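Every number for a ligand or one of its atoms is a count from 1 in the order of the listing. It should be emphasised that the depicted structure is a prediction, and the values quoted were computed from it without experimental measurement. These values consider heavy atoms only, across backbone and side chains, with no hydrogens, waters or symmetry-generated copies.
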Amino acid sequence: MGYDAKFRVWRGDTDGGDLQDYTVLVNDGEVVLDIIHRLQATQAPDLAVRWNCKAGKCGSCSAEVNGRPKLLCMTRMSTFTEDEVITVTPMRTFPVIRDLVTDVSFNYEKAREIQSFTPPDGLKAGEYRMKQVDVQRSQEFRKCIECFLCQDTCHVVRDHEENKQNFAGPRFLMRVAELDMHPLDVAERRDSAQSEHGLGLCNITKCCTDVCPENIKITDNALIPMKERVVDRHYDPLVWLGNKLFRR
Ligand code: F3S
């Protein structure tokens, strides 16, 4: 059985905007993105929303539902009561382009700042060998769909534009950690995690982990182990000496 839901959707562009009220039909089994599409089809044909797969795998339809970073396609209408007003707004951490679409190029800039996988000199294609345990350790991080909900929710940049220059955000600190765990990667990752990518600004609030639609344990499995390795490098005398002798 369908019902009429009350929606408040942010409409506007780079010059500003406002929440607008709509009443929209909801059918059984629908998700928030279905309702946004029905809004476009019936009442607001110029409503801008970014989406692609509608299956929680492309990471395009990131926005905020009742103030929580969400994928619109994975947010079921059945999680709300029928009389609830549902507010849909663009991700707050990134500049708005129009309506629900934000400019996420901050993330691509941060991705480019990370040195790519660096195998030892002379290692030829076909000579890469890894133990299964090393594959499994970073497998979880490869599930990332780059929806940037973790980047959106992290308080280090969410309310602090001034931190953006010095902080890569959880998605890309996780990438640094993944590369640092790779047994064939010889690039220096630990000092640069701290000095270039802002690992020290993360104070382990775990908000990034809470909003990850792939349930990646970003904080526990990537950021905290990375912090521990950085600390070891600087404060554990044996590790310090080993790094001096066999630096990698
Ligand atoms: Fe931000 Fe996640 Fe750290 S939300 S403060 S990167 S634990």
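- Formation of a donor-acceptor pair under 3.5 Å by the R189 side chain with backbone atoms of Q115 is found in this model.
- Taking 4.0 Å as the cut-off between side-chain N and carboxylate O, R112 and E109 do not count as a salt-bridged pair.
- With hydrogens and angles left out, the side-chain atoms of E146 and N107 include no donor and acceptor closer than 3.5 Å.
- At the shortest separation from atom 3 (Fe) of ligand 1 among protein heavy atoms lies C202 SG, 2.4 Å.
- Within ligand 1, the atoms closer than 4.0 Å to a non-hydrogen atom of L223 are 6 (S), numbered from 1 in the order shown.
- For ligand 1, the atoms closer than 4.0 angstrom to any heavy atom of T205 are 4 (S), 5 (S), 7 (S).
- Heavy-atom proximity to T219, at under 4.0 Å, picks out these atoms of ligand 1: 7 (S).
- Under a 4.0 Å criterion applied to the non-hydrogen atoms of P170, ligand 1 contributes the atoms 6 (S).
- Which parts of ligand 1 touch H155 is read off a 4.0 Å heavy-atom cut-off, strictly below it: atoms 5 (S).
- For atom 3 (Fe) of ligand 1, the N/O/S atoms of C208 include none lying under 2.8 Å.
- Numbered from 1 in the order shown, with element, the atoms of ligand 1 that lie under 4.0 Å from a heavy atom of K206 read 7 (S).
- Looking at heavy atoms from C-beta onward, E140 lies out of side-chain contact with N215 at the 4.5 angstrom threshold.
- Here the side chain of E178 pairs no donor or acceptor atom with the backbone of Q139 at under 3.5 angstrom.
- When atom types are taken as modelled, the side chain of T23 and the backbone of D4 share no donor-acceptor pair closer than 3.5 angstrom.
- At least one donor-acceptor pair closer than 3.5 Å links the side chain of K164 to the backbone N or O of T93.
- When hydrogens are left out, the protein atom nearest atom 1 (Fe) of ligand 1 is C154 SG, 2.3 Å; that is the closest non-hydrogen contact.
- Here is the list of ligand 1 atoms found below 4.0 Å of a heavy atom in N203: 5 (S).
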